[in-house]
Protein chains: 2
Amino acid sequence: MANNSPAIDRVFHALSDQTRRAIVMRLSARPSAVGELFTPMPMALPTLLKHIRVLEDCGLVATKKVGRERICEMQPDALRATDAWLAQQRAVWDARLDRMEAYVLDLQTRE
Amino acid sequence: MANNSPAIDRVFHALSDQTRRAIVMRLSARPSAVGELFTPMPMALPTLLKHIRVLEDCGLVATKKVGRERICEMQPDALRATDAWLAQQRAVWDARLDRMEAYVLDLQTRE
DNA sequence: CCTATAGTAAGCCAAATGGCTAACAATTCG
DNA sequence: CGAATTGTTAGCCATTTGGCTTACTATAGG
């Protein structure tokens with residue numbers, strides 16, 4: 001399975017920060033301007049901007065300038081590859097757990 | 001929803017590295033000793049050890065010393081919270097996309 | 001035109017990350 | 001016992017990260 005993807009690296013890294021996950025959660029509900037996202041955040045504006053850039057760079061968020069505001073919006077598709085990777089792993093180890101369970105049951109039956 | 005979890009931070013961070021994802025993929029299939037994991041890796045042993053420690057610290061992998069080998073094994077449960085977070089976000093934005101679709105359909109019907 | 005608003009750019013800093021080498025255990029096997 | 005195998009510890013290094021401040025641009029509104 002595909003693992004050598006810089007895109008997956010960047011998405012996982014983007015989501016490894018609480019601030020960025022909070023941004024994603026807010027944008028999942030609806031698009032927002034930078035200032036709107038900023039209001040409840042305990043950090044300076046330029047710091048928040050950096051986080052938004054990280055989310056943009058990995059494709060999770062798209063932004064556009066409207067007047068003097070910058071509107072940020074989720075791009076759910078960017079999560080497909082990442083999501084698929086997790087699902088695949090789950091499938092593999094679930095299968096392994098099933099085989100182990102079958103094995104244990106088989107042992108018990110033979111007793 | 002829960003976002004303030006250092007555990008989620010650590011799991012996402014652990015998975016943001018290609019080497020560590022490769023380790024997870026191999027361990028999803030079966031447990032392995034450090035040396036066995038090391039063989040195909042293009043890096044020094046101590047470097048690999050550090051990656052294994054990262055996976056251990058976030059609970060994704062458990063290890064035990066057996067003779068002079070250290071056996072590493074997946075701990076799938078550690079992914080539950082992370083997986084749940086992703087699933088929740090997907091649910092939220094899918095709902096949003098559905099509402100948007102309904103809205104567009106409604107507009108078309110009125111025409 | 002002038003001022004307030006909203007965002008950007010540049011640059012500094014401490015801590016964390018991912019890599020290395022060299023030296024040091026701890027087990028196993030002949 | 002002595003040597004080979006398998007990790008492990010310690011320490012060095014360059015880069016990245018996430019935070020800050022200060023100064024600047026761009027648009028909206030009076």
Side-chain angles (χ1 to χ4, degrees), chain A residues 3-27 30-73 82, chain B residues 3-27 30-73 82:
Chain A
N3 174 45
N4 57 336
S5 166
I8 299 189
D9 277 48
R10 288 203 303 273
V11 170
F12 273 126
H13 171 250
L15 294 178
S16 74
D17 182 279
Q18 210 183 312
T19 298
R20 287 191 293 261
R21 284 200 307 282
I23 295 174
V24 165
M25 289 170 79
R26 294 201 54 188
L27 295 183
R30 68 182 174 295
S32 307
V34 170
E36 192 179 351
L37 290 173
F38 173 60
T39 311
M41 297 285 184
M43 66 187 62
L45 224 207
T47 304
L48 177 63
L49 248 296
K50 273 196 191 176
H51 285 299
I52 294 176
R53 288 277 158 75
V54 171
L55 290 168
E56 256 193 294
D57 289 348
C58 73
L60 277 177
V61 165
T63 78
K64 57 183 174 195
K65 204 75 197 253
V66 176
R68 62 187 155 178
E69 293 189 320
R70 177 171 293 281
I71 305 301
C72 308
E73 187 170 7
T82 304
Chain B
N3 174 46
N4 57 335
S5 166
I8 299 189
D9 276 48
R10 288 203 304 272
V11 170
F12 272 127
H13 171 251
L15 294 178
S16 74
D17 182 280
Q18 210 183 316
T19 297
R20 287 191 293 261
R21 284 201 308 281
I23 295 173
V24 165
M25 289 171 79
R26 295 201 53 189
L27 295 183
R30 68 183 174 296
S32 307
V34 170
E36 193 179 351
L37 290 173
F38 173 59
T39 311
M41 296 285 185
M43 67 187 61
L45 225 205
T47 305
L48 176 63
L49 248 296
K50 271 195 190 176
H51 285 299
I52 294 177
R53 289 275 158 75
V54 170
L55 290 168
E56 257 193 294
D57 289 348
C58 73
L60 277 178
V61 165
T63 77
K64 57 184 172 193
K65 204 74 197 252
V66 176
R68 63 186 154 180
E69 293 190 321
R70 178 171 294 280
I71 306 299
C72 308
E73 189 171 5
T82 302

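Order of the sequence lines fixes the chain letters, A, B, ..., with proteins taken first and strands second; residue numbering starts at 1 for each chain.
Every residue two or more places apart in sequence or in another chain that forms a side-chain hydrogen bond (donor to acceptor under 3.5 Å, both in side chains) with B:His51 is listed here: B:Arg20.
Mapping heavy-atom proximity under 4.0 Å, the span of DNA chain C touched by chain B runs 5' to 3' from C:dT17 to C:dT28.
Between the CD1 atom of A:Ile52 and the CG atom of A:Leu27 there is a distance of 7.5 Å, given to the nearest 0.5 Å. Summarising the geometry, atom CG belonging to A:Asp9 is positioned 9.0 Å from atom OG1 belonging to B:Thr19; distances are rounded to the nearest 0.5 Å. Distance CD/A:Glu73 to CG/A:Leu60: 13.0 Å, rounded to 0.5 Å. The OG atom of B:Ser16 sits 7.5 Å away from the CZ atom of B:Arg21 when rounded to the nearest 0.5 Å.
Here D:dG19 presents its P atom at 13 Å from CG of A:Leu45, a figure rounded to the nearest Å. Distance B:Ile71 CD1 to D:dT6 C1': 11 Å, rounded to the nearest Å. Taking atom CD on B:Glu56 and atom C1' on D:dT8, their separation rounds to 13 Å, with Å as the unit. Whole-Å rounding puts the A:Leu48 CG to D:dG18 P distance at 13 Å. In this structure, the CZ atom of A:Arg53 is 16 Å from the P atom of D:dG19, given to the nearest Å.
Remark: side-chain polar atoms of B:Arg26 are paired, donor with acceptor, to backbone N or O of B:Glu36 under 3.5 angstrom.
Of all nucleotides listed (D:dT8, D:dG11, D:dT6), D:dT6 comes nearest to the side chain of B:Arg68.
Within 6.0 Å of the NZ atom in A:Lys65, the count of heavy atoms belonging to other residues, nucleotides or ligands exceeds 12.
Mapping A:Pro42 and B:Arg70 onto DNA chain D via the closest heavy atom, the residue that lands nearer the 5' end is B:Arg70. Mapping A:Met43 and B:Leu49 onto DNA chain D by nearest heavy atom places B:Leu49 at the nucleotide closer to the 5' end.
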Under-3.5 Å N/O pairs linking protein and nucleotides 13-17 of chain D:
none

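Here the closest heavy-atom approach between residue B:Leu48 and residue B:Phe38 is recorded as CD2-CA, 3.4 Å. Nearest approach of A:Cys72 to A:Val34, heavy atoms of both residues: SG-CG2, 4.1 Å.
Distances shorter than 4.0 Å separate none of the side-chain N or O atoms of A:Lys50 from OP1 or OP2 on D:dC20.
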